[in-house]
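Below is one structure, written out as structure tokens, with a few remarks after it.
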There are 2 protein chains.
Amino acid sequence: MKKSTTLKNIANQVDVSVSTISRVLNGKSKHYRISEETQQLILNAAKELNYSPNQLARGLRLKRTNTLGYITPDISNPFFSNIAKVVEKYARKLGYSIILCDSEENTDIEANSIQLLIDRKIDGLIISPVGQTVDHLKETYNRNIPIVLIDRFFPDFDLPYVASDNYKGALEATSYLIECGHTRIAYIQGLKNTSPNNERVKGFKDAHRNFGIEFDDSLIVGNSFGEENGYIEMKLLVKRNNKPSAVFAGSNLISLGALKALAEENLKVPDDISMISFDDQPYSRFLATPMTTVSQQGSQIGQLATKILIDLIETNKQFEPKGILLPTTLIKRNSVRIIEDAEITGNGKANSILS
Amino acid sequence: MKKSTTLKNIANQVDVSVSTISRVLNGKSKHYRISEETQQLILNAAKELNYSPNQLARGLRLKRTNTLGYITPDISNPFFSNIAKVVEKYARKLGYSIILCDSEENTDIEANSIQLLIDRKIDGLIISPVGQTVDHLKETYNRNIPIVLIDRFFPDFDLPYVASDNYKGALEATSYLIECGHTRIAYIQGLKNTSPNNERVKGFKDAHRNFGIEFDDSLIVGNSFGEENGYIEMKLLVKRNNKPSAVFAGSNLISLGALKALAEENLKVPDDISMISFDDQPYSRFLATPMTTVSQQGSQIGQLATKILIDLIETNKQFEPKGILLPTTLIKRNSVRIIEDAEITGNGKANSILS
DNA sequence: ATGAAAGCGCTAACAC
DNA sequence: GTGTTAGCGCTTTCAT
């Protein structure tokens, strides 16, 4: 078994001290006016011995690891795995590695992960928090570890975040549904008391209000961004007496579950029921009924967050408390039935595109 | 800013040496017969000061970091993000963290990532290698860092791996196509010279051979597991003079790209062309034409690989060279047209299920 | 039953 | 221009 080369090994070969070697290898040759000759000797020996520094020792000494934590509630959700991809890529380009933690939408796991990352001395944290409580996040804050939130944030705790403008997204989508003549619309929500969910519910309600449509609180159902939730709630919705004519699914996974329920009940979109879903996915346009969706800019969100975090780290500011909201896009396809006698008011102010 | 508590801090508060504290906190109290009293003192102080060990220092000393590397060619591909999820989860349960690296199907990035992970002193590596060359993987091997391959392996270099039985999967799927009366079948392959691709192409060819069907080498096209490849190749395929009646897509992303091409050309599945795809996805059954797919056991692959790796680490074996092949399942849906005058021979030996 | 000291591999302050 | 030394926070051998 080959052991790693250390500075000491090089020092033995070339006859200089480890400090000089460290200096040369860290590009400080001119600053210390190290002779061309020793420089070459050292560089050659390092290459020959295939030296590369032990990052544990370096981190311990420097208090800097070039490592970021990324905590996500569900890495298998394409919305988050897309973000993970750009976070990793962008971080890598700037010299950082990523420790990945999946919180499974569980605050306890999330809190443990944060502690674990602190113990591993990450330089910064990117997190899509479960989002229902914030206390455990303050631990990084207390320790001066910069943090940037993705997707979910806390209105009453000032941490930098990058997210979609979920309020507008939901407002626009719901308005579109209403313009198409729907007045009895259900919303299958994600995890309650998280910012995206709160914002979306708010947009959903405000759209009704704008159009002067009363709505039934019992039509806001569910409590998870997962597929199961979509399945269960759709099952229940279609069995109601006064069933909705349209359903707004709060995430891509929810709509998948909802589709499964509809298949079982032999109900067709949009003839039997209209649908619209948050999160556009590559497959959305190829579904049996191409799905009208609210598209989020996942890649931009991830890249921006990473950029902000690394800036924070490298400028030694803990943070500039600011939130960034990226616009969503309503992509109209065929999953919403236009109810004939609807008065299309054109009040939806939708920046929609077709695809 | 709150600084982390160290053993020294505790030592100052309780009046004992750091060694004793380390012993107590590592559960070695009985072995060193440390008095109940000091034990309690130490435990209380540790809790009070909210101590948790610096893993950099610990790792440096112990030569053990409880950290695994996971290198994947594309974390945004649901096949891999599903694997990442179970790898992370299972590793976490056993006390390990994951450093995530995305190689972007690029051997140079992969090689850099491996070096980076070695420098970070990972205890073991799980990797879905790009797979075309193996040399840079030997570096972990040389350093006695256990490694387990996922999805792709090297027939001529003995590293443990967990993968699907891609040969049988492709054989079964192609046989099914042939049984349905197709004789002119294209295969849009993934990255050439990778084990899954080699195996699938072999299965594809052998199916033809088994049925005594000659086939046209020019019908094996493409060279990437990505969406773009599926798009481009399908575009070209349908414009050929003697175009295939069925297309076998080598991955979920390839089939998505192929679907895009067909949409542009206004061609319908299966009326104009039949399709079958590797990788079942939750949306596969909800597509305009529910897609017949070869389903892989992603979660099992990930969990098995993680278990094997951690066993290797904890038993100090470098590895037991063995490969595990998990069966695939052909899920028949509606994307394959049954050509009327086909003689269904039933020779496919398919363990297929319906969904 | 506990402490002192060495050392993991690195960098930087302080020599000269 | 380069070496010596200290120290990051931890575990462990060797003392007592």
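Every chain is numbered from 1 and lettered A, B, ... according to where its sequence line falls, protein lines coming before strand lines.
- Ring centroid separation for the pair A/Phe154 and A/Tyr161 does not come in under the 6.0 Å cut-off.
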Which atom pairs, one a donor and one an acceptor, fall under 3.5 Å between side chains of residues 68-79 of chain B and the rest of the protein, sequence neighbours left out?
residue : atom : partner : partner atom : Å
B/Thr72 : OG1  : B/Asp74 : N            : 3.2
B/Asp74 : OD1  : A/Lys85 : NZ           : 2.9
B/Asp74 : OD1  : B/Ser76 : N            : 3.0
B/Asp74 : OD1  : B/Ser76 : OG           : 2.7
B/Asn77 : OD1  : B/Phe79 : N            : 2.9

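- The side chain of A/Thr38 places an N or O atom within less than 4.0 Å of a non-bridging phosphate oxygen (OP1 or OP2) of D/dT2.
- Legend: residues meeting side-chain contact (heavy atoms from CB on, under 4.5 Å) with A/Asn112, ordered by chain and number and at least two apart, are absent.
- Here B/Phe80 pairs with nothing under the ring pair (Phe, Tyr, Trp, His ring centres under 6.0 Å) rule; sequence neighbours left out.
- Rounding to whole angstrom units, CG of residue B/Asn66 and C1' of D/dC10 are separated by 15 Å.
- Listed in residue order, the members of residues 41-57 of chain B having a heavy atom less than 4.0 Å from DNA chain D are B/Tyr51, B/Pro53, B/Asn54, B/Ala57.
- Taking 4.0 angstrom as the limit, A/Arg61 places none of its side-chain polar atoms (N or O) nearer than this to OP1 or OP2 of C/dT11.
- End-to-end axis angle of the helix from C/dA1-D/dT16 to C/dC16-D/dG1, from C1' rotation axes over five pairs per end: 50° (rounded to 10 degrees).
- Heavy-atom distances under 4.0 Å link DNA chain D to A/Asp15, A/Val16, A/Ser17 of residues 2-17 of chain A, given in residue order.
- Here A/Lys28 lies in heavy-atom contact (under 4.0 Å) with sugar-phosphate atoms only.
- By the side-chain hydrogen bond (donor to acceptor under 3.5 Å, both in side chains) test, A/Asn9 is found to be paired with A/Thr6, residues two or more places apart in sequence or in another chain being considered.
- Checked against C/dC8, C/dT11, D/dG3, the side chain of A/Thr20 finds its nearest nucleotide in D/dG3.
- A straight line from CG of B/Asp119 to C1' of C/dC10 spans 13 Å, rounded to a whole angstrom.
- If you take OG on A/Ser22 and NZ on A/Lys28, they are separated by 6.5 Å, rounding to the nearest 0.5 Å.
- By the salt bridge (charged side-chain N to carboxylate O under 4.0 Å, His left out) test, B/Lys89 is found to be paired with A/Glu104, residues two or more places apart in sequence or in another chain being considered.
- Between A/Val18 and B/Leu60, the residue anchored closer to the 5' end of DNA chain D is A/Val18, taking for each the nucleotide with the nearest heavy atom.
- At least one side-chain heavy atom of B/Leu125 sits under 4.5 Å from a side-chain heavy atom of B/Ile127.
- The nearest whole Å value for the distance from the CD atom in B/Gln40 to the P atom in C/dA1 is 16 Å.
- Counting to the nearest Å, the C1' atom of C/dC10 and the NZ atom of B/Lys121 are 12 Å from each other.
- Residues B/Arg120 and B/Thr67 form no side-chain contact, since every pair of their non-hydrogen atoms from C-beta on lies 4.5 Å or further apart.
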Under-3.5 Å N/O pairs linking protein and nucleotides 13-16 of chain D:
residue : atom : partner : partner atom : Å
D/dT13  : O4   : B/Arg23 : NH2          : 2.8

Could you walk me through whether B/Ser128 and B/Leu149 pass side chain to side chain contact (heavy atoms under 4.5 Å, CB included), step by step?
CA-CA 6 Å; B/Ser128 302; B/Leu149 307 178; over 6 Å; no

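- Of the side-chain N and O atoms in B/Lys30, none sit less than 4.0 angstrom from OP1 or OP2 of C/dA1.
- Residue A/Ile34 has its side chain nearest to D/dT2 when only C/dG9, D/dT2, C/dA1 are considered.
- Summarising the geometry, the separation between CG on A/Leu25 and P on C/dT11 is reported as 8 Å, rounded to the nearest angstrom.
- Here B/Asp119 pairs with A/Ser52, A/Gln55, B/Gln115 under the side-chain contact (heavy atoms from CB on, under 4.5 Å) rule; sequence neighbours left out.
- By the 4.5 Å heavy-atom criterion applied to side chains, A/Leu25 and A/Ile10 are counted as neighbours.
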Could you pull out every donor-acceptor pair under 3.5 Å between side chains of residues 298-310 of chain A and any protein atom, sequence neighbours left out?
residue  : atom : partner  : partner atom : Å
A/Thr306 : OG1  : A/Gly302 : O            : 2.7
A/Lys307 : NZ   : A/Asp311 : OD2          : 3.3

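- Listed by chain and number, the residues in a ring pair (Phe, Tyr, Trp, His ring centres under 6.0 Å) with B/Tyr32 amount to none (sequence neighbours excluded).
- Side-chain proximity of B/Lys63 to the nucleotides D/dT12, C/dG9, C/dA12 is greatest for C/dG9.
- B/Arg120 places its CZ atom 14 Å from the P atom of C/dC10, with the value rounded to the nearest Å.
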